[in-house]
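The structure under discussion appears below in the form of structure tokens.
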Amino acid sequence: MNELVNAAFMELQSALVARKLYSADHQSVREATDRLLELLRKIFVERAEIAVFAVDDRVVFEGDVLAASENLADRLFADLGRHGIDRVILRRGLKPDEIGRIVEVLIDTKSDPPPALTPSAHVLFGFIDTHAADDIATDGAAPTQQRLEDLWQDITEGRSPNDSNVCNIVSSVSTAVTASASAMLPLAAIKRFDEYTFVHTINVAILSTALAEVVGLNQKAVHELSMAALLHDVGKQLVPKELLNKSGRFTDEEYRLIQLHPVDGARLLFNAPGVPELSPIVAFEHHIGGDGSGYPKVPRGWKLNLASRIVQVADVFDAMRTHRPYRPAMPREKIKSIMCGDSGPCFDVDLVEIFFRMVESRGIPEEDRVAA
Ligand SMILES: [Fe+2]
Ligand SMILES: [Fe+2]
């Protein structure tokens, strides 16, 4: 029973982490909620209700500390704690919208006064007997997509990106990667056909941050790489929108315009005060092959930065597994053979191999749903 309860609360946390990154109707949020409901269905066969407490930084069910206690205490219960809550009781009959309500309240750190976490028919809360609720909403953070839009906007207009904005996004990304990797990495693989560049950007950031951690970059380097990944396509803001989603073939002129985005992105980032210099490097290099192929054109013997090589593996993987107006999503094996094969663009072979090992071992789902 403890394992089921532990898994259920980790899925609730996953839904929350996914919602911090994506919109409420994104598949990753829905799937985490579905997994939670399935676990609860099994739990409620034996129990009419379960009560989980946070006590002294430990998360406890029926007197036992849950296996993921530390993780839950740091994230889900820290968020609940900001609402003065240290106890959650879930009852048989719990509905998806009751879970959705918890998640929506917990991600809203912007409203003033903050929304209340009110009990519903199958969800009850216990309240900490202190004034912890006074701390609510001190960071004033907006949902990730809004923050990312603000960040891009700052850079496009030559302003210094607001530090807390950048830190909040990067910490959302690293939370997604480290908090519950097995549950959260799949969200990077989940796509919808009406995908936006923002979703692609978040996915590339998650995948490249995970790869950077696997290859052993230190924490500072991983942080800078996460930021560079979030900004790698910032130059696309200058590409006409209708071109980005065009379904037919590009004319030479259209292709030329699209190929400007790495240089435009690097220029925007060089001119934005406070952006680490890795970001313009990655923006500039992310479409250049290891053999100098791709764009923009570079002098012979150009050596790509490791961060650029990491981001381009994640970028191409994410792009290929996405259904685009001009081609369907590709299965993972096909992507692997293109990225590893002679005919494919020239990637860092070792990184590609490590990347696919990571993807396979961490259980990123096989494929997006391909349109009929
Ligand atoms: Fe790009
Ligand atoms: Fe990209």
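The chain is numbered in sequence order, starting from 1. Counting convention: from 1, in listed order, for ligands and their atoms alike.
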Task: Apex the Fe ion (ligand 1); atoms His261 NE2 and His286 NE2; angle rounded to 10 degrees - done: 100°
Task: Nearest non-hydrogen partners of Val204 and Ala314, listed with the distance - done: O-CB, 3.9 Å
Task: Atom of Asp315 closest to the Fe ion (ligand 2), considering N, O or S atoms - done: OD1
- [ ] Please work out the angle at the Fe ion (ligand 1) defined by atom NE2 of His287 on one side and atom OD1 of Asp233 on the other, rounded to 10°.
- [x] 170°
TODO: Work out which heavy atom in Glu98 is nearest to a heavy atom in Gly93; give both atom names and the distance.
DONE: OE1-O, 4.1 Å
Open item on the list: With a 3.5 Å distance limit and no angle check, can you tell me whether Glu285 reaches the backbone of Asn305 through a side-chain donor-acceptor pair?
Closed with: yes
- [ ] Output yes when a side-chain donor or acceptor of Gln13 lies under 3.5 Å from a complementary backbone atom of Leu76, and no otherwise.
- [x] yes
